[in-house]
Amino acid sequence: MKRLLAAAAALFALTLQALAGNPDPAKWDEVLAQAKGETVYFNAWGGAENINSYLEWAGAELQKRYGVKLVHVKLDDTANAVAKVVAEKAAGRNESGTVDLIWINGENFASMKRQGLLMSPGWAEKLPNWNYVDVENKSTIRTDFTVPVEGLESPWGMAKLVFFYDTARTDPAGLPKSARELLAWARAHPGRFSYPQPPDFMGLSFLKQVLSELVADRSVLQKPVDEATFAEVTAPLFAYLDELKPALWRSGRAFPQNYPAMKQLLADGELDIVFALNPSEASSAIANGELPGTVRSFTFPAGTLANTHFVAIPFNASAKAGALVVADFLLSPEAQARKQDPKVWGDPTVLSMAKLDAADRARFEALDLGVATLKPDQLGPAIDEPHPSWMVRLEAEWKRRYGVGD
């Protein structure tokens, strides 16, 4: 017992030392001084040129204003960055880690939190620009896929599942208004719909949307998966996918690799309905010449998935002060307004317009959100994301049933 108490005391002491070594956002001048000259390796998805360009702009501004160099480590799967941090912790590398900041949410956040891989709680809500965050009206800012955030990550943008189509080819009068109607539409228009192949995040989002609509009791999805009831709970989803498969593009023998590939299939006239987790995505794609100006958006009146995406700092980051500065800059009204511009990215802001001064509100009011962007009252209700364990389990079961596409 004495040995156990001694070991616990030693671990507690080490924890206090580690916490003491973290920069404190409440002392922002000290953070800025420490951050100057640091290089922040930001591990973030690199699959979209508009997002990559936005981060290039952010990097130039951070260098100019704060002397912080931002290096975008382009990922095709956020889990790869999480695996790096896991390996470093296992090797005893408790400082000077190779990942300073991660674009994250959902299962990847839950996994890092569970394994103690994130910088000490509370830092996010101490950032100077946190004062502008709309915590009152955006419930997903403090709860990430049902997991309490506890200041372990800083919000960066909002997501809401929307569908879009080309009015030059598809009659808006016949658009589906639910997952069940989408199945009927796909069977009436074989080969004109598909979804990205899991484990792609967008493909799994489609599975979660369908499951959320068809499940007998949606509240069960807010809890971790229970293996004893998994088959029963998901039976309506997989019955749905079985019916959908022969009506899919290429009869379900192959799937788009990811969202950009699916969007290209719409542009090429191979698909008639696609979807994204960004209400401004269609307008952004039109502005960037990726889709024709005849594309428009729609959603399901009973609701679609909604969530927040974040940035997080690993426990052993080499440039923690620099990472704090980057996270705070990404929350600034200037950076958030630029990000929401469909000509740049079109990603919805996490800020409250009521908390901004007149000049900053004017930045947002001046934005042309685009001809294909639905107004807030047209987006329909938000469906809460299931617990992260559902994404992991659905991916495994999808692979077991349908294998890997050609």
Side-chain angles (χ1 to χ4, degrees), residues 25-29 31-32 35-36 40 42 44 50-51 53-68 70 101 103 105 122-142 149 151 153-160 277-281 283-284 287-288 306-312 321-371 373-379 382:
K27 301 175 181 178
W28 195 244
D29 288 342
V31 171
L32 291 175
K36 191 171 184 179
V40 175
F42 184 18
N50 59 334
I51 298 175
S53 296
Y54 174 78
L55 289 178
E56 287 178 12
W57 168 81
E61 294 300 313
L62 286 159
Q63 182 71 62
K64 179 172 62 178
R65 301 180 191 194
Y66 306 109
V68 173
L70 185 68
L101 195 67
W103 181 10
N105 70 357
W123 64 265
E125 298 195 15
K126 294 180 183 179
L127 295 173
N129 285 320
W130 174 265
N131 294 328
Y132 303 124
V133 174
D134 191 4
V135 293
E136 293 80 10
N137 299 303
K138 295 179 170 64
S139 61
T140 55
I141 282 174
R142 281 185 164 142
V149 170
E153 54 183 357
S154 174
W156 188 21
M158 304 298 298
K160 181 77 161 61
L277 277 164
N278 181 348
S280 298
E281 177 57 41
S283 292
S284 180
N288 292 319
N307 63 63
T308 299
H309 55 93
F310 301 81
V311 294
L324 288 171
V325 171
V326 174
D328 187 64
F329 176 74
L330 295 176
L331 270 183
S332 68
E334 179 185 358
Q336 287 278 305
R338 184 179 181 88
K339 182 168 63 70
Q340 188 163 308
D341 186 345
K343 297 182 181 66
V344 177
W345 180 350
D347 191 49
T349 184
V350 298
L351 304 185
S352 166
M353 296 301 103
K355 295 181 179 181
L356 303 181
D357 62 27
D360 284 329
R361 278 198 304 274
R363 294 179 189 271
F364 290 91
E365 291 167 356
L367 294 177
D368 178 1
L369 295 183
V371 67
T373 303
L374 297 171
K375 295 178 181 178
D377 61 356
Q378 297 174 316
L379 285 172

Original post:
Any side-chain heavy-atom pair from P333 and Y132 closer than 4.5 angstrom?
Top reply: yes

Original post:
When rounded to the nearest 0.5 angstrom, what is the spacing between CG in L62 and CZ in F42?
Top reply: 10.5 Å

Original post:
Can you find a pair of side-chain heavy atoms, one from W130 and one from P155, that are under 4.5 Å apart?
Top reply: yes

Original post:
Between Q340 and L367, does a side-chain contact (heavy atoms from CB on, under 4.5 Å) hold up when you go through it step by step?
Top reply: CA-CA 8 Å; Q340 188 163 308; L367 294 177; 3.9 Å; yes

**OP:** With rounding to the nearest 0.5 Å, note down the distance linking OG in S332 to CG in L351.
**Re:** 8.0 Å

Original post:
Would you say the side-chain atoms of Q336 pair up with the backbone N or O of V350, donor to acceptor, closer than 3.5 Å?
Top reply: yes

Original post:
Which atoms form the tightest heavy-atom contact between T373 and P279, and what is the distance?
Top reply: CG2-O, 3.8 Å

Original post:
Within the distance-only criterion (no hydrogens, no angle test), does the side chain of D328 pair as donor or acceptor with the backbone N or O of N129 below 3.5 angstrom?
Top reply: yes

Subject >> N/O donor-acceptor pair under 3.5 Å between S284 side chain and P342 backbone >> reply: yes

Original post:
What are the two closest non-hydrogen atoms of T349 and K138, and how far apart are they?
Top reply: O-CE, 3.5 Å

Subject >> side-chain contact (heavy atoms from CB on, under 4.5 Å) evaluation trace for V133 with L331 >> reply: CA-CA 8 Å; V133 174; L331 270 183; 3.9 Å; yes

Subject >> Atom of L101, atom of V326 and distance for their closest heavy-atom approach >> reply: CD2-CG1, 3.6 Å

Subject >> Atom of V311, atom of W123 and distance for their closest heavy-atom approach >> reply: O-CH2, 3.9 Å

Original post:
Roughly how far, to the nearest 0.5 Å, is NZ of K343 from OG of S280?
Top reply: 11.0 Å

Original post:
Taking all atoms of both residues into account, what is the closest heavy-atom pair of T140 and N307, and its distance?
Top reply: OG1-C, 3.9 Å

Original post:
Between Y54 and A335, is there a donor-acceptor pair closer than 3.5 Å when you use the side chain of the first and the backbone of the second?
Top reply: yes

Subject >> Check against side-chain contact (heavy atoms from CB on, under 4.5 Å), L55 and W103 >> reply: CA-CA 12 Å; L55 289 178; W103 181 10; 5.7 Å; no

Original post:
So, the side chain of N278 versus the backbone of G346: is there a donor-acceptor pair under 3.5 Å, distance only?
Top reply: yes

Original post:
In terms of ring plane angle, is the pair W156 and W345 parallel, tilted or perpendicular, where the classes change at 30° and 60°?
Top reply: perpendicular

Original post:
Would you call E334-K339 a salt bridge at under 4.0 Å N-O?
Top reply: no

Original post:
If only atom types and distance count, is the side chain of Q378 paired as donor or acceptor with the main-chain N or O of K375 below 3.5 Å?
Top reply: yes

**OP:** Report the C-alpha separation of T308 and R142 in whole Å, then their side-chain angles, then the decisive distance to 0.1 Å, and conclude whether the side-chain contact (heavy atoms from CB on, under 4.5 Å) test is met.
**Re:** CA-CA 9 Å; T308 299; R142 281 185 164 142; over 6 Å; no

Subject >> Distance, nearest 0.5 Å, that separates CD of E281 from CG of N50 >> reply: 6.5 Å

Subject >> Spacing of D341 atom CG and L369 atom CG [to the nearest 0.5 Å] >> reply: 8.5 Å

**OP:** Output the distance between atom CD (E136) and atom CG (D134), rounded to the nearest 0.5 Å.
**Re:** 6.0 Å

Original post:
Can you find a heavy atom in the side chain of V68 that is under 4.5 Å from one in the side chain of V40?
Top reply: yes

Subject >> Considering all heavy atoms, the nearest K160-A306 contact >> reply: CD-CB, 3.7 Å

Subject >> D357 atom CG, neighbour heavy-atom count above 12 within 6.0 Å >> reply: yes

Original post:
Would you call L127 and S154 a side-chain contact if the rule is heavy atoms closer than 4.5 Å?
Top reply: yes

**OP:** Would you please test D360 and R363 for salt bridge (charged side-chain N to carboxylate O under 4.0 Å, His left out) and show each step?
**Re:** CA-CA 5 Å; D360 284 329; R363 294 179 189 271; 3.0 Å; yes

Original post:
Which pairs, with at least one residue in residues 324-344 and sequence neighbours excluded, count as a ring pair (Phe, Tyr, Trp, His ring centres under 6.0 Å)?
Top reply: W57-F329

